[in-house]
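Right, one structure below, let's go through it.
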Amino acid sequence: MTPVIICCGAGGVGKTTTAAALAVAQAQAGARVVVLTIDPARRLADALGVRVGSEPSPVALPPGVEGTLHALMLDPKETFDRVVARFAPTPEARDRIYRNHVYQHVSANMAGAQEYMAMERLYELSRDGRWDCVVLDTPPTRHALDFLAAPDRMANLMDEGVMRWLVLPASRGGWRMIERGSEVLAGVLERMVGNSTIADIAEFFSAFQALWDGFRERSMEVRSLLAAPTTRFFLVTTAAPAARAEARLFVEQLRAHQQPLAGFLLNRCLLPLPAPGAPTFTAPTERPPGWDAAVAALAALHAAYQGRLQLQEQNIDELIRGTAAPVWRVPDLGEAVQDLEGITALAEYLRPAVT
Ligand SMILES: Nc1ncnc2c1ncn2[C@@H]1O[C@H](COP(=O)(O)OP(=O)(O)OP(=O)(O)O)[C@@H](O)[C@H]1O
Ligand SMILES: [Mg+2]
């Protein structure tokens, strides 16, 4: 199977940034890499040359890089359409689903659709044959690791609760209940399918029935891709104590899913200062006014930095306690990382993570 790298973590910790940097590091190591980004910031998207709905587009890397890098941006709706096209028994069945209002709503808004489609697109890329490595950025999920459960949830959706009940013929009570106007049900439906009519809903489920087996089968394949030894999960987090609880939750959830953790990517870290050696400057024999004060201020700055560094390292120790996963420290560049130069600068710190 094609090796896969997945960058997961809480919202805003730097998943998209580090996924791009890991992809660059892989290309520098000579691989043909594709990175699937999720909602990258506009300027980063421009720098990578990705647009919604685009196929993988080549990213121009500095001369001398042996491998290649392509990038694309997840388009959940377009991916959903492709899944439907693949599993629909006939072009007419496919078009019936495309035209259906419930489908149009569900494919664009359903909770979890983005996670599921990220998995689906990852699977497609891993089967494509053109790549030595696929790097996946993940969506900012409300619940940690939602995306891991997405394939199962999508398959179950069709079997479970309201859904199963909805396809019951009216004579068995299903539609009659709706017609009676249960408020709870109306609420559930509103959330699920927006302002669709009952006829739309009925048609959606009857048209979708033909696709269920395909969905279920695909979800098994995605699950085995995620469980493959060639699939590696990196947890992106910061060293701040506030990030720790959320990061630990990820670690536990990965464990519950029996997914080994390939490493912690500690983003926005302070890096150790060079070891003190011989002074690199000589104090002038005649000290200008303010010299001593300036030297004292510098020494205080240095001590404060060392203090913060020590605190950071304690936080990192707390975070990784009980896990055997290695840690990579990625520095804070001080400004948003929105061009290839910044991404390449971060890739330097991720090199050993790619081998
Ligand atoms: N090491 C870094 N140094 C400086 N800025 C960084 C660094 N890492 C990330 N950033 C900046 O932090 C912001 C958030 O990063 P990013 O978009 O990668 O996070 P994310 O985890 O993908 O967020 P979301 O959960 O919303 O998808 C961006 O503006 C990015 O440029
Ligand atoms: Mg992101």
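Each residue takes its place number in the sequence, starting with 1. Just so you know, ligand 1 is whichever comes first in the structure, and atom 1 is the first atom listed for that ligand.
- With hydrogens left out, the protein atom closest to atom 10 (N) of ligand 1 is Arg268 NH2, 3.1 Å, a heavy atom.
- Under the 3.5 Å distance criterion, the side-chain polar atoms of Tyr98 are matched with a main-chain donor or acceptor of Asp81.
- Shortest contact from atom 26 (O) of ligand 1 to any protein heavy atom: Gly12 N, 3.9 Å.
- Ion pairing between a basic and an acidic side chain is recognised when a charged N comes within 4.0 Å of a carboxylate O; Glu252 and Arg255 show no such pairing.
- Linking Ile, Leu, Val, Met, Phe, Trp and Tyr residues whenever their side-chain heavy atoms come within less than 4.5 Å leaves Leu311 and Phe264 in two separate clusters.
- When only interatomic distances are considered, the shortest N/O to N/O separation between Val13 and ligand 1 falls below 3.5 Å.
- Ionic pairing of Arg351 and Glu348 is present here: one or more N-O contacts between side-chain nitrogen and carboxylate oxygen are shorter than 4.0 angstrom.
- Scanning the protein heavy atoms around atom 20 (P) of ligand 1, the nearest turns out to be Lys15 N, 3.4 Å.
- Under the 4.0 angstrom criterion for non-hydrogen atoms, Ala41 is not in contact with ligand 1.
- Of the protein's heavy atoms, Ala336 CB, 3.8 Å lies nearest to atom 29 (O) of ligand 1.
- Within the 4.5 Å cutoff, no side-chain heavy atoms of Gln310 are placed close to those of Tyr305.
- Set against the non-hydrogen atoms of Glu335, the atoms of ligand 1 under 4.0 Å away are 4 (C), 5 (N).
- Taking the six-membered ring for Trp and thresholds of 30 and 60 degrees, Tyr103 and Phe80 have ring planes more than 60 degrees apart, a perpendicular arrangement.
- Regarding atom 30 (C) of ligand 1, its nearest protein heavy-atom neighbour is Thr17 OG1, 3.7 Å.
- Considering only non-hydrogen atoms, atom 3 (N) of ligand 1 lies nearest to Leu333 out of Thr18, Asp137, Leu333, Asn267.
- Protein non-hydrogen atoms do reach within 4.0 Å of atom 7 (C) of ligand 1.
- Among the backbone and side-chain atoms of Thr37, no N/O/S atom is found under 2.8 Å from the Mg ion (ligand 2).
- Residue contacts with ligand 1 include Pro331, since one or more of its heavy atoms lies under 4.0 Å from the ligand.
- Here the heavy atom of the protein found nearest to atom 31 (O) of ligand 1 is Val337 N, 2.7 Å.
- Ion pair Glu318/Arg248 not flagged as a salt bridge, since none of the NZ, NE, NH1 or NH2 atoms sits closer than 4.0 Å to an Asp/Glu carboxylate oxygen.
- Looking only at distances, no side-chain donor or acceptor of Thr37 sits under 3.5 Å from a matching main-chain atom of Thr16.
- With rounding to the nearest 0.5 Å, the separation of CZ in Arg130 from OG1 in Thr2 is 11.5 Å.
- The shortest contact between atom 17 (O) of ligand 1 and any protein heavy atom is with Thr16 CB, 4.1 Å.
- A salt bridge does not link Arg96 with Glu92: every distance from a Lys NZ or Arg NE/NH1/NH2 to an Asp or Glu carboxylate oxygen is 4.0 Å or more.
- Contact annotation: for Val236 versus ligand 1, there are no heavy atoms closer than 4.0 Å.
- Among all non-hydrogen protein atoms, the one lying nearest atom 19 (O) of ligand 1 is Gly14 N, 3.1 Å.
- Using a cutoff of 4.0 Å between basic side-chain nitrogens and carboxylate oxygens, Asp132 and Arg32 are scored as salt-bridged.
- Heavy-atom proximity to Gly11, at under 4.0 Å, picks out these atoms of ligand 1: 25 (O).
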